[in-house]
Amino acid sequence: LVMADRAREAYNALDAEFKTIARIQQCLLPASLPKANGIDLASYYATAHRAGGDYYDVFPLDNQRSGILIADVSGHGAAAAVVMARMHASLHSGAANMDSPAEVLSFANDHLLLQCRADSEVTTFVTSFYAVFDPADSSLLYASAGHNPPRLRRADGCMCSIAGARSWPLGIQCGVQYEQDRLMLGRDDHLLLYTDGIVEATNTAGDQFGVDRLDRAVLQPHDCARTMVGNVVTAVDRFTQDTPALDDRTLLALRVR
């Protein structure tokens with residue numbers, strides 16, 4: 001009985017620590033998405049455990065532009081949350097002062113590697129997609145560090161992936177020069193950024209949600225980014241039913257106004 005009580009106390013203490021980490025982590029995410037010129041934004045964030053490794057952010061930039069980021073730290077729990085916090089710190093110290101998404105990812109990559117060298121207990125990598133939307137011409141300048149290609153729904157209902165400018169995930173190789181590409185958007189075009197916890201969500205039979213089901217959810221009728229995100233979350237929940245989430249699930253959507 002004494003051993004059981006001690007085990008229960010240790011579990012409760014550890015659980016309290018994880019709750020604290022989770023609360024701190026939530027504070028690093030946007031409390032609300034900022035008003036962005038020319039686009040409507042919406043997000044969804046759910047961790048598989050108390051703390052997670054997914055991260056998203058929106059940066060107000062000069063000339064009414066907006067920086068849009070999503071990232072996924074390998075692994076789960078406290079270690080992933082620590083790396084996510086480091087990503088937040090490095091990006092908030094550098095992204096607002098850089099013009100190109102390629103520069104931002106290069107900066108984040110080198111910064112992450114420098115920190116990981118100082119902490120031999122942390123060995124991980126991060127996939128990330130960072131884009132700058134310019135309302136002057138509705139263009140999206142973007143770069144990808146091994147992240148899932150975002151899904152683009154054109155106003156006419158055509159679906160495609162944004163698979164250009166892909167390179168190494170962050171935290172693997174120092175000095176990576178990331179490529180970037182430009183995409184022209186139009187009124188009522190929708191872009192959905194997501195982490196792999198969405199498409200790799202499984203049902204009771206072990207089947208994955210996948211990109212095809214994701215596209216079908218994106219194609220459901222909606223009039224704003226928030227409704228589109230809600231359609232995807234509902235589709236994932238119906239598919240998985242009571243199957244526990246094995247990975248964090250994050251969505252970040254934009255609609256061109």
Side-chain angles (χ1 to χ4, degrees), residues 14 17-31 33 43-59 67-95 101-131 142-150 165-176 178 192-202 208-209 236 244-253:
L14 187 61
E17 288 185 14
F18 277 118
K19 286 181 180 178
T20 300
I21 293 172
R23 285 196 296 270
I24 294 171
Q25 183 184 35
Q26 288 285 343
C27 292
L28 300 179
L29 298 171
L33 294 175
S43 63
Y44 170 81
Y45 179 84
T47 59
H49 305 287
R50 293 289 191 193
D54 282 3
Y55 172 47
Y56 70 92
D57 219 330
V58 177
F59 305 90
I68 301 160
L69 174 93
I70 193 166
D72 185 356
V73 180
S74 63
H76 313 289
V82 168
V83 175
M84 181 271 218
R86 289 174 172 175
M87 275 282 295
H88 176 276
S90 64
L91 287 166
H92 275 259
S93 68
E103 287 181 318
V104 170
L105 292 187
S106 293
F107 174 85
N109 178 62
D110 291 346
H111 200 262
L112 183 62
L113 279 166
L114 182 64
Q115 290 181 323
C116 286
R117 285 199 196 100
D119 185 355
S120 59
E121 297 298 318
V122 178
T123 56
T124 190
F125 65 88
V126 182
T127 68
S128 182
F129 181 93
Y130 181 68
Y142 68 91
S144 176
H147 198 76
N148 300 301
R166 288 173 61 81
S167 189
W168 291 89
L170 309 176
I172 292 179
Q173 181 176 327
C174 190
V176 176
Y178 289 88
L192 181 68
L193 283 60
Y194 62 95
T195 58
D196 56 15
I198 295 292
V199 291
E200 293 178 2
T202 57
Q208 292 191 343
F209 184 69
V236 172
L246 299 178
D247 199 359
D248 309 325
R249 299 172 184 172
T250 302
L251 299 165
L252 181 58

Q | Donor-acceptor contact present, side-chain S128 to main-chain H147, <3.5 Å | A | no
Q. After noting the C-alpha distance and the side-chain angles of Y55 and L91, does the key distance pass the side chain to side chain contact (heavy atoms under 4.5 Å, CB included) rule?
A. CA-CA 11 Å; Y55 172 47; L91 287 166; 3.8 Å; yes
Q. If you look at every heavy atom in S167 and Y178, which pair is closest and at what distance?
A. CB-CD2, 3.6 Å
(Q) Restricting to non-hydrogen atoms, name the atom on N109 and the atom on P169 that form the minimum distance, rounded to 0.1 Å. (A) OD1-O, 4.1 Å
Q) Does D110 use its side chain to pair, donor to acceptor, with the backbone of G175 at less than 3.5 Å? A) yes
Q. Are the side chain of D72 and the backbone of D54 linked by a donor-acceptor contact shorter than 3.5 Å?
A. no
Q. Any sub-3.5 Å donor-acceptor pair from S74's side-chain atoms to F125's backbone N or O?
A. yes
Q: Compare every heavy atom of A102 with every heavy atom of A143, then report the nearest pair and how far apart it is.
A: CB-N, 4.0 Å
**Q.** Closest contact, heavy atoms only, F107 versus S90
**A.** CE2-O, 3.0 Å
Q. Side chains of T127 and N148: does their closest heavy-atom pair fall under 4.5 Å?
A. no
Q.
Looking at D248 and G53, would you say the former's side chain and the latter's main chain have a donor-acceptor pair under 3.5 Å?
A. yes
Q | Euclidean distance, Y194 OH relative to I70 CD1, rounded to 0.5 Å | A | 9.5 Å
Q | Point-to-point distance, once rounded to the nearest 0.5 Å, from OH of Y45 to CG of L251 | A | 12.5 Å
Q) Just how far is it from atom CG of L114 to atom SG of C174, taken to the nearest 0.5 Å? A) 8.5 Å
Q: Could you go through the side chain to side chain contact (heavy atoms under 4.5 Å, CB included) check for L29 and M84 one step at a time?
A: CA-CA 10 Å; L29 298 171; M84 181 271 218; 3.7 Å; yes
Q.
Once rounded to the nearest 0.5 Å, what's the spacing between atom CE of M87 and atom CG of L69?
A. 5.5 Å
Q) Can you tell me if T250 and Y56 form a side-chain donor-acceptor pair at under 3.5 Å? A) no
Q.
Looking at every heavy atom in both A48 and L246, which two are closest together, and how far apart are they?
A. CB-C, 3.9 Å
**Q.** Exercise: identify the closest heavy-atom pair between G171 and L113
**A.** O-CD2, 3.3 Å
Q) Quick one: OH on Y142 to CG on L193, what's the gap to the nearest 0.5 Å? A) 11.5 Å
